Protein chains: 2
Amino acid sequence: MSDAKNQNTTVEAATRGADAQSRAEIRRAAFLEAAQEVFLEQGFEAASMSEIVRRAGGSLTTLYAQFGDKEGIFLAMLETRMKEVTAALDVELQTHTPVEEGLRRIGEQFAGKLVQPNSLELYRLIVGLAKKFPDLAQTFMKLGPNKVREGLAAYLQDRADAGEIPQSDDFEQLGSLFLDMVRSPLQSRALLSQAVRPCAEDVRVSVERAVSIFLYGLAGKR
Amino acid sequence: MSDAKNQNTTVEAATRGADAQSRAEIRRAAFLEAAQEVFLEQGFEAASMSEIVRRAGGSLTTLYAQFGDKEGIFLAMLETRMKEVTAALDVELQTHTPVEEGLRRIGEQFAGKLVQPNSLELYRLIVGLAKKFPDLAQTFMKLGPNKVREGLAAYLQDRADAGEIPQSDDFEQLGSLFLDMVRSPLQSRALLSQAVRPCAEDVRVSVERAVSIFLYGLAGKR
DNA sequence: AATTTGGTGTAATGCGGATTACATTGCAAG
DNA sequence: CTTGCAATGTAATCCGCATTACACCAAATT
C-alpha cells in the first residue's frame, strides 16, 4: 500500500541512474533522520508525527504516504540504523586473524557500538515495545544479535579448522556466550540509570576479561 | 497529600490492632493486585486507571486519593512486588553453606524468579520507562539488583574468610559477574521474543555453567 | 504550454484516557 | 437519631495526538 518509493517510471529511473537522489529519496532520508532523533529522545508513544515533520521539513501527508503509519516509520528507521551499525562488524568478521586478537577486535567493535548513547536508547525502546509490536523485536533480532552471532560462529569455525581452538558442534552457542560476557556488564547498568555511561576504559576491561575467560574455558574443555 | 491510609482515628486504630485490616487497607491491597495485572498485561501507557478500578472494585476517586497519580500506583506496585520477590533470597543468603553448593542455590533462586513471566514483563516495563521515569528505575535497582548483589558479596566475603576462596577487595564486582553470567543467557532471548520461555532445564544449565566458570576463574587467580 | 505526478500546509475528525467535580451512600461515634 | 467523614459511581472536563480530508503548488515529462 505504501510503495511510493518504487513509483518512478522505468524511463526516469534509467535516465538518472542510482547516483542522483529523487526528491522522494531525499525526503525519505530526512524523515528517517528526524524520526530517529525524535523516537530516541521521546520514546515511541510520546513521539509525535508532527514533531518529526517539524524537524524534517515536508508534510504530514508525505510522511504517511511513504511509511503508512507510526509503526511503519519506526520500523524503517530501525532497519536503516541496524544496517549502519552492523556494517563495520561484517568486515571485521571476514578476516583470518588469530583467535585472541580476533576476539578482542570483534569484542571492541561490538561493545563500542553497543555503548553509544543512541544504541542504548534504541535497545531500551525495542525491549519496551517487544510485547506490543513483536515484529519490531523480530526485525531487531534478525538484523542485530543474530547477524553478529552467525558471523562470530563462522569465524570460530574458521579458527577451529585452523587448529587454534578445539572443534565444537555448536559455535553459535559458544559465540552467544562470548557476546553475553562482553555485553552484560556494560549494558545492564546503563539501561537502568541514564547517569552511568560506560567509557572506553570500561569497554576495554569488559572485552579483555571476556576474551581471557572464554579462551581459558575453551582450552579446559575436551 | 495522599496519606489517606493513616487517617484512622487513634481510637479506631487502638481498638482493632494491627491484625484486622481497615477498609482502606483492603482497598489498597486490591488496587495493588489489580494494578499489577493490568500494567503487566498492557504496559504503562496502555494501562487505564479505569481498568484497574474495574478489576479491583472501588472507585476512581479512591484510587487517586490513595496513590496520587498513575506513576504513583505503579511505584507502589513495584515496591510491593520487589519485596515479595527478594524475600526468599534474603534467607538463602544468610547461610554458611559451602561455596559451590551455595552459589548453585543462590543462582537457582535468583534465576528461578527471573524467568517467571511476571518478572520478565516487569523488567521489560522498567527498562522501557527508565528514561521517562528515572525514579522508577532507581527504586527497582535499589530493591532488586543492588540488594541481591550486596547479599551475594557478603556471602562471598564469608566464604573467603572461611578459606574456601581467595580474598578479594571487590566482592561486589565479582558477585555482579556471577549474576550476569546466570542472568544474561536466560534473559536476553526472553526479553525480545515472547515465544521463548526459558524452562527449568535452561535455568539449571545456565546456573551450572556460571558456577563452574566462576569457581574455575577464581581458583586461577592469584 | 499543458498535463501528470507527487508534494505542501492547514485544518478537521476521532478516539482514548488521565484527572477532577459532584451528588449520593454507608458506616460509626456522640 | 443525626451528624460527619470517607468511599462510591457517574459523568463531565481537557488534552493530546494519530490519521485523514481538502485545496492548492512545483517540477518534470510530453
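What you are looking at is a predicted structure, and each value in this text was computed from that prediction instead of being measured. Here is how names work: the chains are called A, B, and so on, in the same order as the sequence lines, proteins then strands, and each is numbered from 1.
Atoms CZ (A:Arg54) and C1' (D:dA18) sit 14 Å apart, rounded to a whole Å. The distance from atom CD of A:Glu45 to atom C1' of D:dA18 is 12 Å, rounded to the nearest whole Å. Here the P atom of nucleotide D:dG16 and the NZ atom of A:Lys70 are 15 Å apart, to the nearest Å. In this entry the distance linking CD of A:Gln66 with P of C:dT8 reads 9 Å, nearest Å. Here the P atom of nucleotide D:dC17 and the CD atom of A:Glu71 are 20 Å apart, to the nearest Å. C:dT10 atom P lies 17 Å from atom OH of A:Tyr64, rounded to whole Å. Distance, A:Leu63 CG to C:dG9 C1': 14 Å, rounded to whole Å. Across the protein-nucleic acid pair, A:Met49 atom CE and C:dG9 atom C1' stand 16 Å apart, rounded to whole Å.
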Original post:
Which is it for B:Thr97 and B:Tyr155 under the side chain to side chain contact (heavy atoms under 4.5 Å, CB included) test, yes or no, and what are the steps along the way?
Top reply: CA-CA 9 Å; B:Thr97 318; B:Tyr155 172 77; 4.2 Å; yes
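Proximity note for B:Thr61 (side chain, C-beta onward) versus D:dT8, C:dA18, D:dA11: the nearest is D:dT8. Considering only the side chain of A:Leu60, D:dT20 comes nearest among C:dT19, D:dT20, D:dA7.
Residue contacts for B:Ser48: at a heavy-atom cut-off of 4.0 Å it reaches the sugar-phosphate backbone alone, with no base atom in range.
Environment of CZ in B:Arg104: crowded, with over 12 heavy atoms of neighbouring residues, nucleotides or ligands closer than 6.0 Å.
Phosphate contact (OP1/OP2 of D:dT8, side-chain N/O of B:Arg27, threshold under 4.0 Å): present. Considering only side-chain N and O atoms, B:Ser59 lies nowhere under 4.0 angstrom from the phosphate OP1 or OP2 of D:dA7.
The minimum heavy-atom distance linking A:Leu78 with A:Leu136 is given by the pair CD2-O, 3.7 Å.
Ion pairing of A:Glu201 with A:Arg204 is present here, as a side-chain N (NZ or NE/NH1/NH2) and a carboxylate O approach within less than 4.0 Å. A salt bridge links B:Arg55 to B:Glu41: at least one charged side-chain nitrogen sits closer than 4.0 Å to a carboxylate oxygen.
With the nearest nucleotide of DNA chain D identified for both B:Gly57 and A:Ala47, B:Gly57 has the one nearer the 5' end.
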